[in-house]
Amino acid sequence: MTASQELLQQAEQLVNAGDYRSAINLLESRGRYDDQRLAERLVELRIQAYDSLQWPKPHDQWPPDHDGRFDGLTGFPEIKAHDLDVGNLKAGILGRGGLIVRGLMSADWIAPMRVNIDRILQARMNAANEVSGKEDSAWYHRSASVVGGPTQFRGGERYSNIGSVWSVDSPPTAFKLIEFYREVGLPALLHDYFDEDAVLSVRKWVVRCAAPNNGASSGWHQDGYFLGDANAIRTVNLWIALTDCGGDAAAPGLEIIAGGERTIYETGTCGAPFDWTVGQGIIDDIAVTNPVQCPRFNAGDALFFDHFNLHRTGFGVDHSQNRYAVETWFFAGSTAPRKQQPVFF
Ligand SMILES: O=C(O)CCC(=O)C(=O)O
Ligand SMILES: [Fe+2]
């Protein structure tokens with residue numbers, strides 16, 4: 001038996017005894033991201049674990065207090081990665097609608113992550129186009145535990161090298177991203193923020209490559225609209241640029257409203273193209289006091305915000321480069337929306 005098979009067997013014993021947490025810890029700490037079978041099993045266990053673990057009842061100190069250290073600022077507060085702590089995170093998200101963290105992801109993570117996203121999109125395309133021998137790529141594999149079951153490919157034009165993919169559909173990528181979250185101390189930071197453990201989810205944990213779409217406008221939205229009862233859920237989104245983008249850069253960034261207003265706006269009116277988008281008329285009203293921001297990000301810079309934030313992909317008029325990014329929504333375990341399929345990490 002190989003070392004990897006032995007690890008998987010030990011993990012199975014722990015799972016059979018109901019101890020998902022130890023099984024996951026074992027595979028995560030002793031396994032490798034490029035061990036295909038192990039990375040796939042780890043994704044399955046992370047999805048299955050949520051139901052078998054105990055989660056606290058939602059506490060009533062929500063939203064938590066913050067010290068207003070960024071009050072009076074226009075736009076988003078900015079800090080360096082080594083200053084990321086719960087005080088800055090609370091005052092940023094709850095006081096100003098977001099917090100920019102410069103240099104959160106270091107260069108040794110960024111380029112490999114971009115390459116991985118290319119591999120994932122290519123593997124999905126190969127599978128859709130039934131390229132012979134390429135159907136079962138390590139880089140694109142839908143776990144049987146994902147609700148909705150196996151991906152159904154229609155083939156042809158459906159997929160390209162541009163697009164978004166659930167991170168769990170790429171087990172090596174999910175493995176590496178969780179390693180990154182640990183490296184920058186997110187589990188403890190988010191525990192302090194939520195006052196309980198955070199979880200990931202199948203549907204709101206996304207890697208993407210967005211192409212320039214000069215002159216186009218994407219939909220203004222609040223993720224709270226999709227996620228269920230906005231007043232019941234507790235979230236932190238970590239959006240990481242893997243390409244220089246926004247501002248005067250050559251790739252699309254984010255257009256986003258600062259200010260920390262905690263309300264869900266009407267959708268589907270005032271010129272909104274879809275029932276889930278907020279109309280330009282409403283944005284124009286808000287922008288009188290809170291101008292739309294399009295922050296300039298360097299690859300590795302991050303923006304934290306939550307489900308009340310109003311934003312859209314920032315298509316410009318003369319972009320020439322694709323933009324890679326990772327969008328990770330964390331949920332307080334107690335109120336994680338079931339429809340998003342919570343993922344233990
Ligand atoms: O990456 C983008 O352009 C969109 C990101 C977004 O909507 C989000 O992170 O919630
Ligand atoms: Fe969004």
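Worth knowing before you read on, the calculation uses all heavy atoms, side chains too, and leaves out hydrogens, waters and symmetry mates. Indexing begins at 1, ligand by ligand and atom by atom, following the structure's order.
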* Please answer: with hydrophobic residues joined when any side-chain heavy atoms are less than 4.5 Å apart, are L99 and V236 in the same cluster? => yes
* Does K80 come within less than 4.0 Å of D301, counting only side-chain N to carboxylate O? -> no
* Structure fact -> Looking at D223, the N/O/S atom that lies nearest to the Fe ion (ligand 2) is called OD1
* **Straight-line distance of F305 CZ to L303 CG, nearest 0.5 Å** => 5.5 Å
* To do: Please state whether the rings of F175 and Y33 are parallel, tilted or perpendicular, taking 30° and 60° as the class boundaries.
  => tilted
* Would you say W55's side chain and Y50's backbone share a donor-acceptor pair under 3.5 angstrom? -> yes
* Answer yes or no as to whether an N/O/S atom of E327 is found below 2.8 Å from the Fe ion (ligand 2). => no
* Can you tell me how far OG1 of T335 sits from CZ of F194, rounded to the nearest 0.5 angstrom? -> 7.5 Å
Could you list, one pair per line, each nitrogen or oxygen of ligand 1 together with any protein nitrogen or oxygen closer than 3.5 Å, giving atom names and the distance rounded to 0.1 Å?
| residue | atom | partner | partner atom | Å |
| --- | --- | --- | --- | --- |
| ligand 1 | 1 (O) | R208 | NH1 | 2.8 |
| ligand 1 | 1 (O) | W239 | NE1 | 3.0 |
| ligand 1 | 1 (O) | R323 | NH1 | 2.9 |
| ligand 1 | 3 (O) | T313 | OG1 | 2.5 |
| ligand 1 | 3 (O) | R323 | NH1 | 3.4 |
| ligand 1 | 3 (O) | R323 | NH2 | 2.7 |
| ligand 1 | 7 (O) | H221 | NE2 | 3.1 |
| ligand 1 | 7 (O) | H311 | NE2 | 3.2 |
| ligand 1 | 9 (O) | N237 | ND2 | 3.0 |
| ligand 1 | 9 (O) | E327 | OE1 | 3.2 |
| ligand 1 | 9 (O) | E327 | OE2 | 3.4 |
| ligand 1 | 10 (O) | D223 | OD1 | 3.1 |
| ligand 1 | 10 (O) | H311 | NE2 | 3.0 |
| ligand 1 | 10 (O) | E327 | OE2 | 3.2 |

* **N-O pairing of D306 and R262 below 4.0 Å** => yes
* Asked: To the nearest 10°, what's the angle at the Fe ion (ligand 2) between atoms NE2 (H221) and NE2 (H311)?
  -> 90°
